[in-house]
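Only one structure is covered here, and it is reproduced in the block below.
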Protein chains: 2
Amino acid sequence: MTVSMKDVALKAGVSIASVSRVISGKPGVGKETEKKIREVMDELDYRPNMGARGLVMKSTGNIAIVIPRGTFTLNNPFFSTVLEGIAKGLDKTDYNMVMSFTSLQQKRLLETQSVDGVILFAPRYKELKLEWLESIGLPIVVIGSYLEDSPFPCVRPNDEMGTKKAVEELYKLGHRNIGFINGPMDSMHSVKCLRGYKNTIESLNMEYTKNNVFEVGEFEIQARNQDLEKFLIENSRITGFVCSSDYLAIGLIKAAGKVGLKIPEDLSVVGLDDVPLSSHITPALSTVHVDLIGIGKRASAILINLLKGKQIRKKEIVFEMDFISRDTTGIVKD
Amino acid sequence: MTVSMKDVALKAGVSIASVSRVISGKPGVGKETEKKIREVMDELDYRPNMGARGLVMKSTGNIAIVIPRGTFTLNNPFFSTVLEGIAKGLDKTDYNMVMSFTSLQQKRLLETQSVDGVILFAPRYKELKLEWLESIGLPIVVIGSYLEDSPFPCVRPNDEMGTKKAVEELYKLGHRNIGFINGPMDSMHSVKCLRGYKNTIESLNMEYTKNNVFEVGEFEIQARNQDLEKFLIENSRITGFVCSSDYLAIGLIKAAGKVGLKIPEDLSVVGLDDVPLSSHITPALSTVHVDLIGIGKRASAILINLLKGKQIRKKEIVFEMDFISRDTTGIVKD
DNA sequence: CTGAAAGCGCTTACAG
DNA sequence: CTGAAAGCGCTTACAG
């Protein structure tokens, strides 16, 4: 029983075409006619049907935000912060954001012409096959890294350089045995961070050993807390840790406390990304900052341009990262 | 140039009706015909158009998640946690979730027949008028409190009781001067928490005074940190604080550290809601737990029922809360 | 400035 | 089991 254009046209004594014109602000309607139509629209409380419009215009007005599945990651402030950027970017446009968390939702969303474009959040190749992504024929921009040479434009932090800066900072503070807490290696992010860690360790003439690396199954802090504690006890030679995400760093701080290590007196900790929360916890987290909101905004801007049919020049936008010293890093004890 | 039913019908040498039937799993298609159609669909890489389907079925397959605007609140783990519950609940269904953060997005989403139903997150009357909500004629369920007697089904934590439990717990630990950190009073949540705080203070024969209440403009920790520090210094008689959200409690802990108060030795802090993060920070936050994921799931379940046309019996689902003692509460010093 | 008509991609009685 | 046809609510040439 919703009122359609037909209803207002009938009541206003004009054609559907005229109604359509005033609604979409197209020229070619007389002042008087327009006024009449607007009145009737108000009276009838007319609400345009975007679906019908989309059918003829061949657009949905929706863009998909695809979040990696597995452990739910929206709790990870990294995602919510970038999401904030996306929301801000999209807010100036007429697009809605449709979220997708599971592979079921992804299929439903991406294979049913329900969206005009998609933003892929730190996609893992294991979960999102390139072939499938290309087959859906939608404009895609990825946030973070996907494949080493993906065909999609991407905007990402310079993780490798960020990790490098973190390691160098600890080195400057006198640390010579620097550990690394990393996420799962099926994430390109982890691969790049590890690369940055390893290269920097070696270029500073420290010894790289797998024993100094603790790999978590997910970018979640809960995961493997017991193991992490054990790792800390067994590797007491390590005086400082770099973590490939702030969230991981928070977990490390927790585990350190459990086994009686004081931060930063006994152990220095550096995160990665600088999510808003990191400056608000106690002790405030030393980390490597990157403009996460900017990344989200930029990604949405690129997608919008793609949607407008504009050619984009740069396939890859890299955001630089900068070390921020807060309260979890200190000079190494003798 | 996307392929439509017409294309597959043509190529398969059958009618559009038959194609439609096999796609929606309707009976009345011969085995052979179906096989042929499926083959052609594969061959042509056919993708159904949900928009077109929605037009005739009068449904969109989308449900709107409306988040309060103002300061972006997705960073608040309360929201992301409940959102996780909603996502889980919706995952079993065929609905997509469309997010809306700003009033612009809300209008666009809710006034254009773009969604079948809406979940309202802790709506504030100031921002979301009842009249407007009713005029859009969509099934609505609210999470948290809206108006004291809203017409929409709602699922919410028992905030009043939760605050009560927090105050009582501090009382048991010997605290006789208990402060309260609250969110903005235009949020029903704040109103109820304050009520719980005040009533409990009085029923325990302590003196209720506005001076012990610190009100933050938003449920954000960043806001007014300076003022909070000043407040702590000027009110050193207060030995324990209840906060109307964990996020606020984290901010309080930070401020306390800044002014040299040790937790829990000098000051006890209790949060509200028990977001996942609360157990992972250092010190782990004592708080009042509620099943946030359950709330999200329940809300989506109710909305789905509404969408199916089922009558719902209970207008209000209240989740009980339980105090959890962790590391931010202690016996009061003499 | 205005309207009749075709068409977007689908579903669903209706008739065979 | 199968198909022709009407219709969902819109937009847009086309003709006046």
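Throughout, protein chains are lettered first and strands after them, A, B, ... in sequence-line order, and every chain is numbered starting at 1. Only this structure's heavy atoms are used, side chains among them; waters, hydrogens and symmetry mates stay out.
- Rounding to whole angstrom units, CZ of residue A:Arg21 and P of D:dT11 are separated by 11 Å.
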What pairs of donor and acceptor atoms, side-chain ones from residues 92-99 of chain B against any protein atom, are under 3.5 angstrom apart with sequence neighbours left out?
unit_1	atom_1	unit_2	atom_2	d
B:Thr93	OG1	B:Leu90	O	2.7
B:Thr93	OG1	B:Tyr95	N	3.1

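- Within residues 35-55 of chain A, the residues approached by DNA chain C to less than 4.0 Å at the level of any non-hydrogen atom are A:Leu55, in residue-number order.
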Under the rule of Watson-Crick or G-U wobble with both distances under 3.5 Å, where | means paired to another strand and [ ] a crossing pair, DNA chain D maps to |||.||||||||.|||

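- Using modelled atom types, one side-chain atom of A:Ser190 and one backbone atom of A:Pro184 make a donor-acceptor pair closer than 3.5 Å.
- Rounded to an integer number of Å, the gap from B:Glu32 CD to D:dT2 C1' is 15 Å.
- A:Met5 has its CE atom 16 Å from the C1' atom of C:dA4, to the nearest Å.
- Between A:Ile16 atom CD1 and C:dC1 atom P the separation is 21 Å, expressed in whole Å.
- Of the charged side-chain nitrogens involved, none lies within less than 4.0 Å of a carboxylate oxygen, so that B:Glu34 and B:Arg21 do not count as a salt-bridged pair.
- Between B:Lys58 and D:dG9, a side-chain N or O to OP1/OP2 separation shorter than 4.0 Å is present.
- With D:dT2, C:dG3, D:dT11 as the choices, the nucleotide that has an atom nearest any side-chain atom of A:Ser18 turns out to be C:dG3.
- Straight-line distance from the NZ atom of A:Lys6 to the P atom of C:dG3: 16 Å, rounded to whole Å.
- Remark: the backbone N or O of B:Leu110 is not paired with any side-chain donor or acceptor of B:Ser114 at under 3.5 angstrom.
- Ring geometry for B:Tyr125 against B:Tyr146 counts as tilted: the plane angle lies between 30° and 60°, on a 0 to 90° scale.
- Judged purely by atom type and a 3.5 angstrom limit, B:Thr33 has no side-chain atom pairing as donor or acceptor with the backbone of B:Val29.
- Of the candidate nucleotides C:dG3, C:dT11, D:dT11, C:dT11 has the atom nearest to the side chain of B:Met57.
- Of the possible polar contacts, one joining the A:Asp116 side chain to the A:Thr60 backbone as a donor-acceptor pair under 3.5 Å is found.
- OP1 or OP2 of C:dT2 has at least one side-chain nitrogen or oxygen of A:Thr33 nearer than 4.0 Å.
- Nearest nucleotide to the B:Val29 side chain, out of C:dC10, D:dT2, C:dC8: D:dT2.
- Here A:Glu32 does not pair with A:Lys36 in a salt bridge; the nearest charged N to carboxylate O distance is not below 4.0 Å.
- When heavy atoms are screened at a 4.0 angstrom cut-off, A:Ile23 is found touching no nucleic acid atom at all.
- One finds no side-chain N or O of B:Ser15 lying less than 4.0 angstrom from the OP1 or OP2 phosphate oxygen of D:dA4.
- Distance B:Lys31 NZ to D:dC1 C1': 13 Å, rounded to the nearest Å.
- Picking from D:dG9, D:dT11, C:dT12 the nucleotide with the shortest atom distance to the side chain of B:Ala17 gives C:dT12.
- A donor-acceptor contact shorter than 3.5 Å links the side chain of A:Ser24 to the backbone of A:Ser20.
- When each of A:Val19 and B:Val56 is assigned the nucleotide of DNA chain D bearing its nearest heavy atom, the one mapping closer to the 5' terminus is B:Val56.
- B:Leu10 places its CG atom 12 Å from the P atom of D:dG3, with the value rounded to the nearest Å.
- Put simply, A:Lys26 has a side-chain N or O that comes within less than 4.0 Å of OP1 or OP2 on D:dT12.
- In this structure, the side chain of B:Ser80 engages the main chain of B:Pro77 through a donor-acceptor pair within 3.5 Å.
- Using a 4.0 Å heavy-atom criterion, one finds that B:Gly30 contacts the sugar-phosphate atoms exclusively.
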